[in-house]
Asks: 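Can you read through this structure? Questions will come right after.
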Amino acid sequence: MLKRLIRITNDLKLKHKLLISYVLVVMVPVLIIGLAVTGYFRQQALDNAIGQTIINVDKIKSQTATMLRVPTDISNLLMFNTDLKEIVNRQYKSVVELTSAYLAYKDFQEYRRLYREIAGIRFYSTNPTLINNLEFIPVNERTKQSYWYKEALKTTSIGWFYIPGNEDNPVHRLSLVRKVPFAEYKTEGVLMIVINQEELNGLLRQEQFETLITDEQGYVVAAKNTDLVGKTLDELDFGVDLQSQPKGTIEADFQGEPSNIVIDELGPGSSFNKLKVISVFATKNIVKDANQISQIGMIFITMVLVIALLLVYIISFLTSNRLLRLSKHLNKLALGDLNVTSRIDGNDEIGQLSRQFNYMVKSINELMTQVVETTEQNNQLEIAQKEIKLKMMASQINPHFLFNALESIRMKAHIKGEAEIANIVRLLGKLMRKSLEIGSGKTTFRAELEMVRSYLEIQKFRYGDRLAFEIHLDPEVERMYIPPLIIQPIVENAIVHGLENKEGTVRVHILICMVERMVRVQVKDDGAGITPERLAEVMQFVSGPEEEEKSRIGMRNVHQRLTLTYGENAGLQINSVYGEGTEVSFTLPAGGNQHV
């Protein structure tokens with residue numbers, strides 16, 4: 001990874017290196033620090049706002065609990081009020097008698113007059129002789145099916161509900177609801193104390209942020225914005241179900257704006273349900289000042305960075321321009337213009353390079369004659385050496401009389417019925433003939449593998465079941481040219497060294513295929529393998545500069561011919577695991593191997 005990064009860096013122009021270095025070392029860290037500071041101030045503002053909101057919510061809880069204590073105490077008194085018990089359980093025979101009873105009972109009016117927290121008191125009774133005067137109300141079917149009435153009948157504890165109201169029951173306020181049992185009459189009724197909406201809203205009017213109080217059904221019973229009273233939380237578009245949210249602080253979009261919401265619960269004494277206090281503030285309003293300061297700071301930082309970037313660009317442009325002039329002089333020199341002269345002023349490194357360039361051109365002119373002469377001699381010598389090596393390889397199996405003798409032996413064996421011996425002698429003769437035909441030219445993969453197959457059949461005859469082989473040649477490759485005697489020495493090496501120190505069958509697998517426009521040749525065996533120390537010696541010998549005096553057509557010869565013909569990357573690759581086998585491979589460019 002580091003080498004790749006260095007290579008990429010070296011490929012960049014100097015101007016780009018300076019600009020990238022400035023961006024990475026100066027601009028990016030400064031911007032990151034600026035953003036971090038901005039985020040810190042923003043978070044501090046949010047934390048302070050949340051803390052203040054929590055304090056305000058606690059204050060509202062305390063004030064609301066104090067206010068609701070008044071209707072709670074009144075309900076406790078009315079639970080045992082004898083006059084109330086008498087008026088709601090008496091069976092009236094006429095409207096006049098009922099009217100007299102209503103006029104005589106003044107407790108509800110007195111409580112409403114004495115306590116500003118109370119907007120009204122009602123009692124719902126199942127007594128059919130009562131008439132609705134907005135204080136004593138006979139229960140009808142609609143009332144029986146209402147949520148608050150059903151909940152009230154379950155217990156004598158206090159419940160707090162927003163009463164939506166209807167034509168018969170126009171309340172639309174938070175109300176205390178409580179069941180009042182009359183044991184001696186075996187009857188019961190529901191007491192409702194309606195809270196003064198103005199007083200309740202007054203607790204929230206001075207709040208900095210939008211603050212709501214809701215009942216357990218999600219109705220807004222009080223709000224800083226009085227237009228919200230009577231609506232449900234679902235109608236207010238908080239984006240989350242606040243009714244099911246526990247106490248705490250959450251983030252949500254209120255009316256399309258990102259906001260922080262503080263939620264707390266209020267459970268007045270002797271109550272079987274709770275109220276929720278919700279305070280909402282838009283995030284952008286809280287961080288507005290912090291954002292303004294941050295924006296001013298970022299504008300200033302950006303201006304400084306841009307000015308610095310401009311200076312870096314000017315310096316890099318001047319430097320790269322001088323280097324470009326020097327590069328043009330070098331290109332002229334590369335194209336053969338030995339009269340070029342560099343005239344770049346300055347005493348810095350680029351000026352020194354310019355003067356050294358002129359000294360170099362002068363030295364090249366002085367050595368040019370010697371270089372031309374010696375180069376021609378060396379080229380001729382190298383060509384001669386390659387021809388000598390190829391001729392040496394081709395002449396290692398030379399005598400024609402041996403081929404003729406083998407043919408005679410094959411005929412004798414065939415006449416006597418020794419078919420196997422005759423076939424082996426035929427293969428050996430074929431191998432000898434191919435060797436005699438090899439010159440300094442090229443052969444095809446198909447012809448090379450014919451020799452290899454003949455060689456393997458001969459070795460199969462020699463070793464029997466101890467040797468097994470398999471040859472796979474890609475049809476796309478078989479007609480491509482290669483130097484002669486490239487694969488056979490590798491196969492010979494696999495058999496000779498693979499069968500050493502190993503019992504049982506040794507398998508030799510020859511694979512020649514096309515891989516991404518390259519011809520890959522692999523010779524594998526599962527023989528004895530090579531120790532790491534011996535493998536290192538083999539690799540050193542194969543790629544070494546000197547050749548042993550008695551070396552035959554072997555691995556070193558193959559390696560050198562491959563590298564001389566196709567370059568260093570085409571040399572032999574040897575991998576071996578001691579006791580498991582050896583793999584010898586090389587890769588040739590497909591473009592350099594024309595088809596027949």
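FYI, the numbering just counts along the sequence from 1.
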Asks: Would you find a donor on one side and an acceptor on the other, under 3.5 Å apart, between the side chain of Ser271 and the backbone of Gly267?
Replies: no
Asks: Does the distance from a Lys or Arg side-chain N to an Asp or Glu carboxylate O, for Lys247 and Glu265, drop under 4.0 Å?
Replies: no
Asks: In Å, rounded to the nearest 0.5 Å, how long is the span from OG of Ser175 to CG of Leu191?
Replies: 10.0 Å
Asks: Report yes or no: does Gln109 contribute a side-chain atom to a donor-acceptor pair with the main-chain N or O of Lys106 at less than 3.5 Å?
Replies: no
Asks: Minimum heavy-atom separation for Pro71 and Ile193, please, with both atom names.
Replies: O-CD1, 3.4 Å
Asks: Is Glu251 atom CD crowded by more than 12 heavy atoms from other residues, nucleotides or ligands, each under 6.0 Å away?
Replies: no
Asks: Evaluate whether atom CD of Glu516 has more than 12 neighbouring non-hydrogen atoms of other residues, nucleotides or ligands under 6.0 angstrom away.
Replies: no
Asks: With a 4.0 Å cut-off on N to O distance, would you call Glu207 and Lys224 a salt bridge?
Replies: no
Asks: Would you kindly say whether Thr53 and Asn56 are connected by a side-chain donor-acceptor distance under 3.5 Å?
Replies: no
Asks: Where is the tightest heavy-atom contact between Ala223 and Leu228, given as atom of each residue plus distance?
Replies: CB-CB, 4.1 Å
Asks: Testing the basics here: between Gln245 and Ile263, what is the closest heavy-atom pair and its distance to 0.1 Å?
Replies: CB-CD1, 3.6 Å
Asks: CD of Gln91 to CG of Asn127: how many Å apart, nearest 0.5 Å?
Replies: 4.5 Å
Asks: Quiz question: by atom type and distance under 3.5 Å, do the side chains of Asn89 and Thr187 form a donor-acceptor pair?
Replies: yes
Asks: Taking the side chain as C-beta and beyond, is there a heavy-atom pair between Leu233 and Lys276 under 4.5 Å?
Replies: no
Asks: Any non-hydrogen side-chain atom of Trp160 less than 4.5 Å from a side-chain atom of Val177?
Replies: no
Asks: Could you measure the distance from the CD1 atom of Ile213 to the OG atom of Ser279? Nearest 0.5 Å is fine.
Replies: 11.0 Å
Asks: Heavy atoms only: give me the nearest Leu130-Ser125 pair and the separation to one decimal.
Replies: CD1-CB, 3.7 Å
Asks: Who are the ring pair (Phe, Tyr, Trp, His ring centres under 6.0 Å) partners of Tyr162, not counting sequence neighbours?
Replies: Tyr219
Asks: Between Glu470 and Arg507, is there a side-chain heavy-atom distance shorter than 4.5 Å?
Replies: no
Asks: Would Val23 and Val28 satisfy side-chain contact (heavy atoms from CB on, under 4.5 Å), going step by step from the backbone distance to the final call?
Replies: CA-CA 6 Å; Val23 170; Val28 172; 3.9 Å; yes
Asks: Can a side-chain donor-acceptor contact be found between Glu216 and Tyr147 if the only test is distance below 3.5 angstrom?
Replies: yes
Asks: Could you walk me through whether Val180 and Leu78 pass the side-chain contact (heavy atoms from CB on, under 4.5 Å) check?
Replies: CA-CA 9 Å; Val180 180; Leu78 293 175; over 6 Å; no
Asks: Evaluate the side-chain proximity of Leu77 to Asp107: yes if any heavy-atom separation is below 4.5 Å, no if none is.
Replies: no
Asks: Please test Met67 against Ile195 for side-chain contact (heavy atoms from CB on, under 4.5 Å), starting from the C-alpha separation and ending with a verdict.
Replies: CA-CA 9 Å; Met67 179 179 177; Ile195 308 302; 3.6 Å; yes
Asks: Taking the side chain as every heavy atom from C-beta outward, state whether Asn132 and Pro138 have any atom pair closer than 4.5 Å.
Replies: yes
Asks: Can you tell me how far the CG atom of Asn225 sits from the CD atom of Glu210, to the nearest 0.5 Å?
Replies: 5.0 Å
Asks: Where do Arg173 and Glu198 land on the salt bridge (Lys or Arg N to Asp or Glu O under 4.0 Å) test, with the steps shown first?
Replies: CA-CA 10 Å; Arg173 290 180 177 86; Glu198 289 298 323; over 6 Å; no
Asks: At what distance, to the nearest 0.5 angstrom, does CG of Leu176 lie from CG of Leu68?
Replies: 8.5 Å
Asks: Using 0.5 Å steps for rounding, measure from the CG atom of Leu588 to the CZ atom of Arg520.
Replies: 10.5 Å
Asks: Quick one: are the ring centres of Phe123 and Phe108 less than 6.0 Å apart?
Replies: no
Asks: Could you tell me which non-hydrogen atom of Ser270 sits nearest to which non-hydrogen atom of Ser157, and how far apart they are?
Replies: O-CB, 3.6 Å
Asks: Quick check: do Glu86 and Tyr185 have side-chain heavy atoms less than 4.5 Å from each other?
Replies: yes
Asks: Is there a side-chain contact between Asp58 and Ile54, using heavy atoms and a 4.5 Å cut-off?
Replies: yes
Asks: Quick check against the 3.5 Å criterion: does Asp264 have a side-chain atom that pairs as donor or acceptor with the backbone of Val277?
Replies: no
Asks: State, yes or no, whether a side-chain contact exists between Trp148 and Val190 at a heavy-atom distance under 4.5 Å.
Replies: yes
Asks: So if I apply the side chain to side chain donor-acceptor pair (under 3.5 Å) rule between Arg178 and each of Thr72, Asn76, Thr156, which one comes out positive?
Replies: Asn76
Asks: Does Tyr115 OH have over 12 foreign heavy atoms under 6.0 Å away?
Replies: no
Asks: Could you walk me through whether Leu275 and Leu174 pass side-chain contact (heavy atoms from CB on, under 4.5 Å), step by step?
Replies: CA-CA 10 Å; Leu275 301 175; Leu174 175 66; 4.1 Å; yes
Asks: Which atoms form the tightest heavy-atom contact between Val584 and Leu572, and what is the distance?
Replies: CG1-CD2, 4.1 Å
